[in-house]
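Scope of the values below: all heavy atoms of this structure, side chains included, with no hydrogens, waters or symmetry mates.
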Amino acid sequence: KKVQIYDRRQHHLDVLRHSLGFHDWSAILACDDVQNVYSEFLDVVKYYIELCVPLKTVRIGRRDPEFIYYSIRHKPIT
């Protein structure tokens with residue numbers, strides 16, 4: 001079985017932090033509706049994650065313990 005996970009090596013996360021840090025947030029901060037602010041914020045973050053943090057394919061074999069598969073699937077991006 002193959003699964004795709006984000007490549008969370010430090011240099012990718014550094015690029016993500018840098019990109020988010022230099023993004024112009026003024027349009028989002030000018031919104032009056034909290035739902036719009038939240039939606040726009042998520043759109044920006046998702047865009048930069050897709051741009052800066054590549055996906056990699058990992059093969060999980062039948063003999064691999066279940067906890068390995070679980071940790072790959074459920075590990076959050078930090």
Side-chain angles (χ1 to χ4, degrees):
K1 184 174 187 173
K2 293 181 182 180
V3 294
Q4 285 193 319
I5 60 172
Y6 287 104
D7 185 352
R8 294 173 297 159
R9 288 182 285 178
Q10 191 62 46
H11 61 279
H12 295 304
L13 298 179
D14 289 342
V15 172
L16 175 62
R17 284 187 196 100
H18 181 268
S19 299
L20 289 172
F22 280 96
H23 180 79
D24 181 12
W25 297 98
S26 59
I28 294 175
L29 295 173
C31 289
D32 292 333
D33 182 32
V34 173
Q35 291 298 326
N36 285 343
V37 170
Y38 181 68
S39 177
E40 292 293 323
F41 172 77
L42 287 182
D43 289 343
V44 169
V45 171
K46 288 177 187 178
Y47 169 76
Y48 281 114
I49 288 173
E50 290 176 7
L51 183 68
C52 302
V53 185
L55 287 171
K56 65 180 179 179
T57 302
V58 177
R59 180 182 303 257
I60 299 179
R62 284 183 251 160
R63 296 181 183 177
D64 289 334
E66 180 63 28
F67 70 88
I68 292 176
Y69 177 64
Y70 182 85
S71 67
I72 289 173
R73 273 195 345 199
H74 295 90
K75 199 162 196 175
I77 295 177
T78 54

message: Within this structure, what is the SG-CG distance for the pair C52 and D7, rounded to the nearest 0.5 Å?
response: 12.5 Å

- prompt: Going by distance alone, is a donor N or O of one side chain under 3.5 Å from an acceptor N or O of the other, for E40 and N36?
  reply: no

message: Could you walk me through whether L55 and I5 satisfy the side-chain contact (heavy atoms from CB on, under 4.5 Å) test, starting with their C-alpha distance in whole Å, then the side-chain angles of each, then the deciding distance to 0.1 Å, before giving a yes or no?
response: CA-CA 5 Å; L55 287 171; I5 60 172; 5.9 Å; no

- prompt: Do V15 and V44 share a hydrophobic cluster (ILVMFWY, side-chain heavy atoms under 4.5 Å, transitive)?
  reply: no

Reported CZ-to-CG distance for the pair R8 and L16, which is rounded to 0.5 angstrom: 12.5 Å

- prompt: Are Y47 and L29 connected in the hydrophobic side-chain network, where two residues link if heavy atoms are under 4.5 Å apart?
  reply: yes

message: side-chain contact (heavy atoms from CB on, under 4.5 Å) for K2 and V58? Distances and angles first, verdict last.
response: CA-CA 6 Å; K2 293 181 182 180; V58 177; over 6 Å; no

- line: Tested for side chain to side chain donor-acceptor pair (under 3.5 Å) against D14, the lone hit among Q10, H11, H12 is Q10

query: When clusters are formed by joining ILVMFWY residues with side-chain heavy atoms under 4.5 Å apart, either directly or through shared neighbours, do V45 and L42 land in the same one?
result: yes

query: Taking the six-membered ring for Trp, are W25 and F41 parallel (under 30°), tilted (30 to 60°) or perpendicular (over 60°)?
result: tilted

message: Strictly below 4.0 Å, N to O, side chains only: are D43 and K46 in salt-bridge contact?
response: no

task: Could you label the plane-to-plane angle of the F22 and H18 rings as parallel, tilted or perpendicular, counting under 30° as parallel and over 60° as perpendicular?
output: tilted

